[in-house]
Each structure stands twice: as C-alpha cells, then as structure tokens.
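Each ligand, and each atom within it, is numbered from 1 in the order the structure gives.
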Amino acid sequence: ELHAAKEESKLVSKYECQRSTPLHHQNENLTDALSAVEEEAEILDRKEDYSRALAFCKAACSLKCLTKPVSSIQDIKGLPNIGDHSRDIIKEILENGFSREVERIKNDHSLQKKKMFMSIYGVGPSTARKWVDVLQLATIEDVINCPSINPRKEARLAYGIAFHEDLKQQVGRTTAMRIRDIVHNELKTLDGEVTVEVTGGFRRGKQFGHDVDLLISHPVEGRETGLLQKLIHRLNSKGLILHGVMEESTFSEEMLSKSSKLTPKGQLDHFEKWIGIMKFPKNLETTPQDSVRDRKETIKDEFKEEGKKRIKLDHSLTVTDHNHIGSGLQEQINKSFQKSSTSYSPSPASLPSSSDLSELVKLAQSEREWRASRVDLIIAPASQYAYALVGWTGSKMFNRSLRLYAQRELDMKLTSHGLFDMKQRKPIQASSEQEVFEILKLQYRDPEERNC
Ligand code: 8DG
Ligand code: MN
Ligand code: MN
C-alpha cells in the first residue's frame, strides 16, 4: 500500500493525451514545486526558449495522473518524462519535506516582482525583466509613475496596468456561466440558432479562471460569418465593452496541412476572434447560494490559483437579474465607436482615450458599479467545430501532446481547425469530440481528464 504509486508508474503512457489527468490529484506538493521551477524558467529563459519550462511541466504532468501518493523516489521508476533535474527536486522533497531550489525561488524578490508584473494583461517575460532589471520598478504604482513607460501605442497594456486590480481577481465559475448567458442572449437577437459554449479551464472543471473563453458557432455552415462584428457592436452599445481587439479569420484550407511549431505561440489559431476586457456588474459574481457552493467546491483551487485571494462572501447580496445592466453603467456607454478600427475602446467623449494611462487609472479607481473581466470570443464554423472545441478546451499541454501524438504516431496534422492525413493528403472531418478521439485511435477523455 505504501508503494502503490510504484506499480502505477510503470503503466503510465508516454503521451499525456493517452492518460486521464484530473484537476486534483495525490501529489500536489510535488507538482507545486515543479510548477515553481517551471515558472522561473519561463520568466528567465531568453528568446522564447520554453524547453526547460516544458521539461518541468511534462514531469509534473506525469505525476498528476498517478492516483496514489508517491512516497519514495523508487515509486517513480519508469514514470515517463522525469528528467534528472525534476527527479532531484522530487527526491529532495520526499526526503526532507522541502526543496532548496523552490525555497530560493520563493525568496527571490527580483523574480517575485517579475512574476507579479507578468500577471498584468499585456506583460510577458521580456517586459517584466526590463521593468525589474533595467527600470528597477517594484510595484504597479511604480509602473504608473514611471515616465519612460508610455503604453500609448499599446492600448492593451494601458488597460492591463490600469485595471490590474480587477483583472488579477479570478473569475468564478458562476460568473463565467452568466457571462455566457449575456453573450448568448445578445447573439439570439441576431440569430436564434447560434450556440455558445464555455471552454478553457471552466470546461475542464475549474472553479476559477483568468478569463472566460466562449466558443461561438452556428449549426449551418457560413451563417456564423458577420456575427462577431454585430455581437461586439451590441455589447458595446450596452456598455459592456471596456477594451478589445478584433482579429479577422486568417484561415485557409492549405493551413490544414502546413506544419506549425508546438511552442505556445505555435498553438495560436486562425479563427475570427475578439480578445478583450468586458464590464459586468459587480454583483454578477454570485448569489448567496452560488457563493457557498463555489466556495465549498473550490477552496483548494482558490488557494492554488493565481493571487491566492480569498473570495469575499457577502451574504447580504440579493439575487440579481443578470441580464439587467445597471443604469449607471448604461450612462457610460459609448455609442460612437469607430467601425473602421479593429480596436473597440470607449470613445473620448464618455471615457478616457484608450492610450492615456493616467486617465484610465482614474477611471479604474473611480467609484463604479462594474468590474472588468478578460473575455475571449471565438467564432468557429460548423465544419471545424469539433476540432475547435478540443483545441479551446485545452489544456495547452493536452493539446500539445495530442498534436505531437498525431504527428509522430499517425502522420497526421492536428490543429483547432481540423485534422489532415499527410499520407492520403486529405483532411478528415469530425462532428464531435468523441469522433476526434476515435479518428486519432485514442480512448475518449472527458474535459475533466484533460488537466495536464
Ligand atoms: P485559465 O484561463 O483558467 O487560466 O486557463 P485556460 O482556460 O486553460 O487557458 P486559456 O489561456 O484561456 O486558453 C484556453 C485554451 O485555448 C488553451 O487550451 C489554448 C487554446 N487555444 C487554441 N487556440 C488559441 C489561440 O489562438 N489563442 C489562445 N490564447 N488560446 C488558444 O486552441
Ligand atoms: Mn481561459
Ligand atoms: Mn483565453
């Protein structure tokens, strides 16, 4: 019984997509440690070299699928993808209860500042490094007051900095479902048959997420075109848009057979999408019943996930009609956004111009009845929907392994748009996730099992 994990380790498959990886598992002390070193590698390694970070991530993935706790280093003999460095960390924790490397990371103030900056929407490792190492900044206030930071050209960053307090707060599952409903209701006025699905981490069973990923489609191929523009127009006229960028579809048939890299950037797809920040009434968050339920189910998530922020339980909250947006919010509506632009920011008439950081900070700090949340809206045509659903459900690591497996074991190319048989030189259609797994000759995995 003590070494039950040992028997399991030998049976773990090579590819993550061949395993069942639950959100919560028996070796979280070990995977948390590996995540910490992975994060450090991601922040410090230059030139988009994710190989070190990836190695730690893969090692953690292997541990996540074990149903028994590892109690000695012997237990993980035969477990795939455990490199020497990861093994040393695991060994040290099993023997001493802690890892010196992880302790060093926790006490590395410079690294922790970079990590905090990376939680800003629009900030990646290189910006974070520059702010800490070159500009010697330590807090968001420092960033706001730094004369050499002028995100005038990058509206996204200005909003990210100004609304960091809002955006670092994780979105709860209940809120995500309500945001789906709000978006769906607007879409229904355009076309009654449109479908909207919450994907990303929420679909994998997470109770909190850094954003809400909504996959939009229409059962009739072609009827999805033009919907996103109209949807954004409607949401904007209701005052629900703070900032966003529309990306046109860049998909073409020949892309199905083109090989892309399996780096995080290589996973970007070519769907028409809107990536942005929406405004929602603060009390959209939870009804008393919801918050109690959320809280019970997710106390663990809550502390593991970004911020380690406790949700405030406010039992005085009344049940709100989530389709009703407060009149004060309506007043802030900007009705005159420019159609020609792909960036939908509030107009200067009612709200600060998109790039003026100090004005945005004023807005963020003003008394307001709404909260800003990150939302991704993706449009997938019916013929690509099953693949898009797999892709946007993730996890990123699960996708990566699916693609690697398809390429190496089947000589097929998998993306969020489809599957291409390289030998027969033809695409293979699928109408459900089950079918995608079937074609790939893989056992079907529920979204909850894709948390690698
Ligand atoms: P979180 O938001 O709860 O933190 O986690 P998540 O929901 O798993 O991550 P995400 O960053 O919101 O991404 C959701 C999934 O979408 C992820 O598995 C990767 C996948 N995805 C694609 N194409 C694209 C794309 O073009 N951009 C992004 N950002 N994600 C994509 O399939
Ligand atoms: Mn997400
Ligand atoms: Mn997302």
Residue selection (non-hydrogen contact nearest [atom]) among [options]:
{"atom": "atom 1 (P) of ligand 1", "options": "R450, E247, H210", "answer": "H210"}
{"atom": "atom 14 (C) of ligand 1", "options": "D213, D211, I275", "answer": "D213"}
{"atom": "atom 8 (O) of ligand 1", "options": "R204, K396, H417", "answer": "R204"}

### Task
Indicate yes or no: does K230 engage D191 in a salt bridge with an N to O separation below 4.0 Å.
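No, this pair does not count.
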#### Entry: N-O pairing of E186 and R234 below 4.0 Å
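Salt bridge: yes.
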### Task
Would you check, one step at a time, whether the test salt bridge (Lys or Arg N to Asp or Glu O under 4.0 Å) holds for D142 with K113?
CA-CA 12 Å; D142 291 348; K113 279 178 225 160; over 6 Å; no
### Message
Heavy atoms only, cut-off 4.0 Å: how does N399 contact ligand 1, side chain, backbone, both, or neither?
### Response
side chain
### Query
R203 and D213: salt bridge (Lys or Arg N to Asp or Glu O under 4.0 Å), yes or no, with the steps?
CA-CA 9 Å; R203 188 156 183 265; D213 306 290; over 6 Å; no
### Task
Compute the shortest N/O to N/O distance between G201 and ligand 1 and return yes if it is under 3.5 Å, no if not.
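Yes, G201 has an N/O under 3.5 Å of an N/O on ligand 1.
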### Query
Looking at E165, H164, Q170, which one forms a side-chain hydrogen bond (donor to acceptor under 3.5 Å, both in side chains) with K168?
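Of all the options given, the one that passes is E165.
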### Task
Test N27 against every option in I76, L66, I90 by the side-chain contact (heavy atoms from CB on, under 4.5 Å) rule and name the one that passes.
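Going through I76, L66, I90 one by one, the side-chain contact (heavy atoms from CB on, under 4.5 Å) with N27 is satisfied by L66 alone.
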### Query
Under 2.8 Å from the Mn ion (ligand 3), which protein N/O/S atoms are there?
D211 OD2, D213 OD1, D376 OD2
### Message
Parallel, tilted or perpendicular, judged at 30° and 60°: which one describes the rings of H417 and F251?
### Response
parallel
### Message
In terms of relative ring orientation, are H243 and Y159 parallel, tilted or perpendicular, with 30° and 60° separating the classes?
### Response
parallel
### Message
Using a 4.0 Å cut-off to any heavy atom of G200, which atoms of ligand 1 qualify?
### Response
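Those qualifying, in numeric order: 7 (O).
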